[in-house]
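Let me begin by presenting the structure, written as structure tokens, before commenting on it.
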Amino acid sequence: MQQFLLTVSVLLCLGGVILSAGVVSADQPSPPETETDEPDDNETATLWSKSPNECPSDEEYYEQFGEHRSALEGLSDCTDISFAEPPETASIWTQSDFESLSPGSASTAVYPDHATTADGRWISDAHATVFAIQPATIVHQDSDETPLYVAPQGDLYGFIDYRVDVPEGESTDTRTVSWSLVEHEISDTRVKQDETLIHNTSDEHTPQLEYELNGSGSTTLTLEADIEVELERTVTRQNGSTTDTLTENLTVSDQHELEIYNLTASIYHAAYPDGDNGVAIYQSQPWHGYELTEDGDAVVRGVWRYYTARDTNWDTLIQASTTESERQNSTAVPVYVRAFPSETGPRADPIRDGPDIEEVWGSDSSSPNQTIHEHVEVDVVDEPYVRSYGVAVRHDDIDRDHLEVQGIVRGETAELVEPANGSERQIRASNLSVEILEQNESAATIAIELRDAETGTPIELQNRFEDHRRFAPIGTQVRDGYISVGETRVETNSSGIATVTLTQPGAYSVAYHPGTWRTHDPAYVGDVERVSWHPLATANGWFSLLVQVFWLSLPFVAVLYAGLKLGSFLHIPDGYNS
């Protein structure tokens with residue numbers, strides 16, 4: 001009962017949340033005090049997947065923090081929480097936390113450990129560092145790849161800071177030199193895609209910059225800032241004083257390699273002879289799932305599940321001055337959605353009456369176990385899985401007007417593109433027949449005929465031009481597929497016929513395995529027949545059996561005859577003993 005109530009609590013709090021073993025700490029940062037939307041306590045409890053496992057009891061938690069926790073907070077102290085779809089909590093937390101990020105003063109600079117700082121003549125510890133890019137998902141693809149996929153349109157959060165080292169004055173018998181800081185500013189802030197400027201602003205230490213990326217696939221996103229400082233130097237002598245204005249400009253930047261998640265899907269349709277619908281969908285980037293109907297009751301799920309985790313690079317900040325630097329816990333920590341494979345391949349819902357996955361195109365990928373943080377325990381596959389880029393689905397009800405391909409980045413769905421030569425494919429029934437041509441006591445030869453059930457046209461499977469491609473007629477399409485006879489594969493000729501010799505008695509399943517309908521027009525559904533062969537099915541077989549039985553029985557007959565003769569030789573007449 002407790003487990004049931006806990007599960008209900010989780011579902012009510014986070015609709016679509018799935019539980020998996022994990023870890024989280026109770027001493028994580030609290031949401032900053034801002035006027036923006038903030039995650040509530042239950043949502044916050046799902047964020048801290050990288051913290052050590054503590055799992056305090058309710059009594060221990062109350063003694064430590066002086067308050068009671070919710071059921072989900074208690075669960076998150078002992079486990080990680082994974083999601084069925086990309087959650088919004090990462091963006092909510094990041095936006096809220098970002099507003100508490102504070103720069104230093106003119107004489108102090110604040111920066112994270114991983115920042116690339118630069119020094120000029122008077123400008124020191126200058127940096128422009130990307131705090132976060134949202135919406136985005138880090139994908140644990142395999143044993144050595146964790147690319148960052150970002151939405152084509154979103155927000156880049158930046159942190160820019162520096163300090164100014166104003167020179168100390170000096171004095172001699174003949175002159176006195178003094179320095180003063182007149183002005184300092186961030187004169188320009190830019191976001192560039194590769195070398196193309198896509199956004200700029202000025203005079204902000206914590207800019208939130210909207211961006212719109214072009215294209216798809218790998219790109220470089222750069223945050224760049226120009227810092228300007230103006231100082232005055234006054235030289236005083238006995239005959240008067242002079243004042244000079246000196247300026248310095250310094251440019252700092254931070255580059256990030258990422259993948260633009262501009263999801264596009266090519267789509268092909270087909271109609272089966274029994275009235276079912278078929279759809280094949282191809283996309284080069286990771287995908288979350290397909291909705292095949294308007295009400296969403298027929299879906300295909302990809303291999304991905306999700307959890308949220310903080311960017312540990314921002315756990316601490318360094319505050320530096322001319323004389324010292326101090327490390328302090330950060331009050332602002334960005335959080336990212338992370339995707340991991342929890343299935344070895346795509347699956348359909350509902351299981352019983354749902355869609356049938358006819359074919360999957362993809363590549364075998366190694367388990368990304370070793371890329372998961374040591375304190376994160378989620379149900380990642382521990383064996384190779386299929387990272388699919390295409391799936392063919394069959395279902396009795398596919399709504400073409402409401403077909404949707406959902407992405408692994410929150411809020412992203414694919415643009416559906418139909419090929420220029422049309423997306424409709426015709427699927428026909430096939431007719432497979434099997435006949436025993438001849439047979440004897442050692443073998444049987446069968447003829448297999450494959451034809452179009454609608455037109456009677458022979459279906460040819462063999463590639464007559466495989467070894468002589470230069471002689472192949474222009475426009476000739478080779479049909480993929482084969483016929484299996486037990487463990488043997490054969491292909492039909494131009495007349496739709498194949499012959500097979502059977503040497504082992506038994507019952508054989510003869511089946512036509514057609515090539516994918518996506519590349520054939522017309523395409524076919526398979527057909528199955530059965531054939532049996534045994535030597536006793538022929539007169540010669542029976543005769544051979546009788547001959548073998550005769551010869552095998554001769555030794556037994558001879559032994560029996562000898563036994564009878566020996567018995568009569570040793571027989572003692574009845575009156576002999578009287």
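Since the structure is predicted, the reported quantities are computational estimates derived from the model, not experimental observations.
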Note to self: Closer than 3.5 angstrom, by distance alone: can the side chain of Glu210 be matched with the main-chain N or O of Asp155 as a donor-acceptor pair?
What the structure shows: no
When rounded to the nearest 0.5 Å, the distance separating CD of Glu291 from OG1 of Thr413 is 10.5 Å
**Message:** side chain to side chain contact (heavy atoms under 4.5 Å, CB included) for Asp396 and Asn277? Distances and angles first, verdict last.
**Reply:** CA-CA 6 Å; Asp396 59 0; Asn277 296 304; over 6 Å; no
Exercise. Evaluate salt bridge (charged side-chain N to carboxylate O under 4.0 Å, His left out) for Arg479 paired with Glu491, printing each intermediate quantity in order.
Key: CA-CA 10 Å; Arg479 182 171 293 280; Glu491 296 172 337; over 6 Å; no
Side chains of Tyr272 and His395, donor plus acceptor under 3.5 Å: no
TODO: Could you walk me through whether Gln134 and Ser91 pass side-chain hydrogen bond (donor to acceptor under 3.5 Å, both in side chains), step by step?
DONE: CA-CA 6 Å; Gln134 297 286 352; Ser91 289; 3.2 Å; yes
Working for side chain to side chain contact (heavy atoms under 4.5 Å, CB included), residues Thr445 and Gln439
CA-CA 6 Å; Thr445 300; Gln439 55 184 328; over 6 Å; no
Between Tyr307 and the options Val380, Val376, Val337, the side-chain contact (heavy atoms from CB on, under 4.5 Å) test singles out Val376
- Aromatic ring pairing Tyr261/Tyr149, orientation class (parallel under 30°, perpendicular over 60°, tilted between): perpendicular
Q. Does the side chain of Leu223 reach to within under 4.5 Å of the side chain of Thr129, using non-hydrogen atoms?
A. no
- request: Go through Val510 and Asp527 one step at a time and tell me if the side chain to side chain contact (heavy atoms under 4.5 Å, CB included) criterion holds.
  value: CA-CA 8 Å; Val510 182; Asp527 196 12; over 6 Å; no
Under 6.0 Å between ring centres, would you say that holds for His513 and Tyr524? no
**Prompt:** Going by distance alone, is a donor N or O of one side chain under 3.5 Å from an acceptor N or O of the other, for Ser366 and Ser143?
**Reply:** yes
Pair His140 + Phe340: ring centers closer than 6.0 Å
no
When every non-hydrogen atom of Trp533 is compared with those of Ala444, the smallest separation belongs to CD1-CB, 3.1 Å
For Leu213 and Ala151 the tightest heavy-atom approach is CD1-O, 4.2 Å
